[in-house]
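Numbered from 1 within each chain, the chains take letters A, B, ... in sequence-line order.
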2 protein chains.
Amino acid sequence: MVKITDVARHAGVSPSTVSYALSGKRPISEETRQRVAESIRRLGYRPHAGARALASSRSNVLALVVPLRAGIHVPVVMQFAVSVVTAARLHDHDVLLLTQEEGEEGLRRVADTALVDALIVMDVQLHDPRLPLLRALDRPSVLIGFPAAADGLTCIDLDFKAAGELCVERLAGLGHRVVALVGSPPEVYVRGTAFAQRVVQGFTAAADRSGLASSVHPCEASPAAARRVAEQLLREQPALTGVVVHNEPVLEPLIDAFGQLGLRVPADLSVTAICPDELAESLRVPVTSVAIPSAEVGARAVELLMNQLNGKPASEATLLTPRMTERASTAPRTLNA
Amino acid sequence: MVKITDVARHAGVSPSTVSYALSGKRPISEETRQRVAESIRRLGYRPHAGARALASSRSNVLALVVPLRAGIHVPVVMQFAVSVVTAARLHDHDVLLLTQEEGEEGLRRVADTALVDALIVMDVQLHDPRLPLLRALDRPSVLIGFPAAADGLTCIDLDFKAAGELCVERLAGLGHRVVALVGSPPEVYVRGTAFAQRVVQGFTAAADRSGLASSVHPCEASPAAARRVAEQLLREQPALTGVVVHNEPVLEPLIDAFGQLGLRVPADLSVTAICPDELAESLRVPVTSVAIPSAEVGARAVELLMNQLNGKPASEATLLTPRMTERASTAPRTLNA
DNA sequence: TTCCCCCGTCGAAGCGCTTCGACGTCACGC
DNA sequence: GCGTGACGTCGAAGCGCTTCGACGGGGGAA
C-alpha cells in the first residue's frame, strides 16, 4: 500500500505538505502542488479512509435510514436513496445504508462509533421515538418529514398540506362541488405518519374553504381495495365528480374500477393525485398530479447536512412548494353536466 | 468521548486486555471479561470505527453497488439491498451504498481507500466492464448475476435458465403446444444483461425439447407496450395458449390486455411468470410463478463474502434452484379445447 | 521434582493520516 | 532599516485502536 510518506518522499516534500496540498487547508505553492499531484498520480496513492477519519475525526460518510414499513411506496424510497448518494458524492461523502429495523440502537451505534458524520432519517412519524435521540446525538441530522414537534431538529419535505390543498383547489377551480380523498393505507395513519396526515388536513381545509362536500377514505394498496373504495364512493356520494388520490399503487386500479363502474376519467370524473411524475405520466390516462420531488428532497437534505458539518447554522424547516402538472385526468365539471 | 484507555482504567486492566476481551482473539478470564463488560456498560464506551479500521485494516463495511438503469424492477433492488444490510448486520458489518453511476472509479475508490472490506455488485452484464477491475482488486467481491466468463469471480444468482425452463415445462405439462415469452425491455437484452438472456435460453431450449412452437418478445415496461405485444401475439400465433412473462411491470397490463382481446386467464390462456412472489400474489388473477428470491440471494451473497474475509476459499458459482408456486393463472389445455 | 507449555495479562509499537506550532523568507509600510 | 505579516514548508505529536512479543504462574508430562 502506498502511503502519504511515500508520496512525500517521491515529491521531495514532507508528509504534512502533501496533506495540505490535498486538503487546501494551508497555502501551498502552485509548483509544489503540481509536483505532489504528479507523485500521487504516478504512485497511485489513495489516502486510507480509516486513518483519515481517526486523525481528522471526520469519516466523510452519511447515514441514511430507509423505511421498510408496510404502505410506503418502494420506488420513491429508492429514488430518494439514489439522489442522496449522488448528492453526497458531490460533497465527497459516501452513504451508509441503515434499515429502520435497526432502530435507535442503530442510529446511536453509527453516530457514537464515529462511523458517520451525520444522519438522514426518512419516514418520520408525528411522534417518532427517535426524536429525543436525534436531538441528543452529537452529530447533525436531517429528517425527511415533519414530526409534531420539530424544535431543535432540521426537517425537510414536500409541503404535503399545500399539496392536498392544491389538488382540491384545482378541482374546485374546474367547478367540481363534491370531492373525495383516497388516501394511504389505514396503518399509515394509525402510526401517525406525518405526510399522510398533512395531506388530509390540506384536503379538508381547502374543501371547507371552497364550500365543497368532501370525504376521506384510507385505502389498502391492492386493486381489490381500490375497487371497494370506488364502489363505496359511488354509493355514498353519487354526486361525486372529483377525486384526489394519495396512494401510488392504488391510482391505476382505482381509475380502472371507476371505469368499470361506468365513470370515465375525465369525462365523468376528474382525478388529481399526489405521486411521482413518472407514475402519473405512465398511466393509460395520464393523471394531473402534484409531484413528489424525491430527487430534490434528497439533494436538499444533503445540502442541509453539509452546511451543518461546515459550521453553518442549521435551518429548521424546509417545506418545498408543491407544483402541479396538468394532465389528461382533469376536466371542467360543465362537461359532465 | 470515552475511549479504550478509560475503560481499561475503570476496569483496572490494560487497554490490550479490553481489546482482547472485546474481540476474543486471546483468552481472557471470565472474571476479567465481566469486569470489562461492566465498565464498558457504565461508561457507555463505543470503539471508534476509524481507529479500529486503521489498526486492524478492517473497516467492517461492505460496499453494495445498485443499478439505476432503465428496465430493472426497483422493488426487487430495494428488497435485495435491505436483505444485504440485514445479513451484513448479523456479521457485524455495515453497508455502503454506491450507485452504478459511480462506475469503476467508485469501486476502486472505496476499495483502495480501505473504506470497505468487500464488494457486492448487482446487475452484472455478460461482458461487464467492471470484471477486470474486480479481479484485480485486493478485496473480495460477489457478483449478483453471471457474466459470460466468471473465472476468478464469485457469482450468485437465481438459475434463470432453469427458471425459464421450468415455466415452459409447466405449460408443456399442462398440454400447451404453442407458447410465447414476453421478456424484459429491449435495452436490457441489448446491453447483455445476463439474467434476461438466460431466461430466453432456458425458455427456447425447453420449448424445443418439448417440441413446442415458441416465440420471444421483448417488451417495454408500459401498459401500452403490453397491449401491443398482446395484439401481436394473437395475430402471429393464433393457436397460442401459454405465455411466460419475465417483466414485472408488464405482467398485470398484459393479462388485462389479453382479457380485453377476449382471452381469459387461465380459461383460454395459461400464464406463468418469473417475478417476486408478492407481485404474483397481488394480482387479480394470482399468477403461477417462479419466485425471484432477492432476500435469499442477498443473504447468501453476504455469507460468501464473510467466508472470504475469514480466509475460507471462495466458491465460484452459486446458482439457486428456481421454485415454482402454482397459482390461479395456469390450467390444462384440454379445458380450452 | 523438573521442564514445558499454555493461560491470562501487560506494555509498547505501530496503523496512516491531520494538525499545530515553529521557522525562514519575502514584501510591504513607516 | 526594521518591525510586521502573510506565505510556504517542516517536524512532531497525536487520533484510538489492535497486535505482537514478553512474562509470571500453574498444571501436566516425564
ask   = Residues in ring pair (Phe, Tyr, Trp, His ring centres under 6.0 Å) with F146(A), at least two apart?
value = none
query = Heavy-atom contacts under 4.0 Å between residues 108-118 of chain A and DNA chain C, which residues?
reply = none
request  = Find out whether S294(A) and S83(A) are in side-chain contact, i.e. whether some heavy atom of one side chain is under 4.5 Å from a heavy atom of the other.
outcome  = no
Would you say [N] has OP1 or OP2 under 4.0 Å from some side-chain N or O of [X]?
X	N	value
K25(B)	dT19(D)	yes
S56(B)	dT18(D)	no
R52(B)	dG16(D)	no

query = Does any donor atom in the side chain of E30(B) or Q34(B) lie under 3.5 Å from an acceptor atom in the other side chain?
reply = yes
Side-chain H-bond candidate by donor/acceptor type, S19(B) with S16(B), under 3.5 Å =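 Note: S19(B) and S16(B) side chains miss the donor-acceptor criterion.
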message = As a test of reading the structure: which of dG16(D), dG16(C), dT18(C) is closest to the side chain of M1(A), going by heavy atoms?
response = dG16(C)
message = By nearest atom, which of the nucleotides dT18(C), dG16(C), dC15(C) is closest to the H48(A) side chain?
response = dG16(C)
message = Quick one, I292(B) with F195(B), criterion side chain to side chain contact (heavy atoms under 4.5 Å, CB included). Give me CA distance, side-chain angles, the key distance, then yes/no.
response = CA-CA 11 Å; I292(B) 296 184; F195(B) 73 93; over 6 Å; no
ask   = Applying side-chain hydrogen bond (donor to acceptor under 3.5 Å, both in side chains), which residue pairs with at least one partner in residues 127-149 of chain A are found, sequence neighbours left out?
value =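 Non-adjacent pairs meeting side-chain hydrogen bond (donor to acceptor under 3.5 Å, both in side chains): D128(A)-R130(A), R135(A)-D151(A).
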query = Is the count of non-hydrogen atoms from other residues, nucleotides or ligands lying under 6.0 Å from Q100(A) atom CD greater than 12?
reply = yes
query = Is the number of heavy atoms from other residues, nucleotides or ligands under 6.0 Å of R42(A) CZ greater than 12?
reply =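 Atom CZ in R42(A) is not crowded, with 12 or fewer foreign heavy atoms closer than 6.0 Å.
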remark   = In B/S/- notation (B base, S sugar-phosphate only, - none; protein heavy atoms under 4.0 Å), nucleotides 4-12 of chain C written 5' to 3' is ----BBBB-
key: Rounded to 10 degrees, the angle between the two terminal axes of the helix from dT1(C)-dA30(D) to dC30(C)-dG1(D), each from five pairs   =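 Helix axis angle between the two ends: 30°.
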For residues 301-320 of chain A, which side-chain donor-acceptor pairs fall under 3.5 Å, sequence neighbours excluded?
from    : atom 1 : to      : atom 2 : distance (Å)
E303(A) : OE1    : H91(A)  : NE2    : 3.3
E303(A) : OE2    : H91(A)  : NE2    : 3.3
Q308(A) : NE2    : T154(A) : OG1    : 3.2
N310(A) : ND2    : M306(A) : O      : 3.0
E316(A) : OE2    : G152(A) : N      : 3.1

key: Euclidean distance, atom CG of residue L54(A) to atom C1' of dC15(D) [Å, nearest integer]   =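 In whole Å, dC15(D) C1' and L54(A) CG are 4 Å from each other.
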ask   = Got a salt bridge between R35(A) and E31(A), using NZ or NE/NH1/NH2 to carboxylate O under 4.0 Å?
value =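 Salt bridge present between R35(A) and E31(A).
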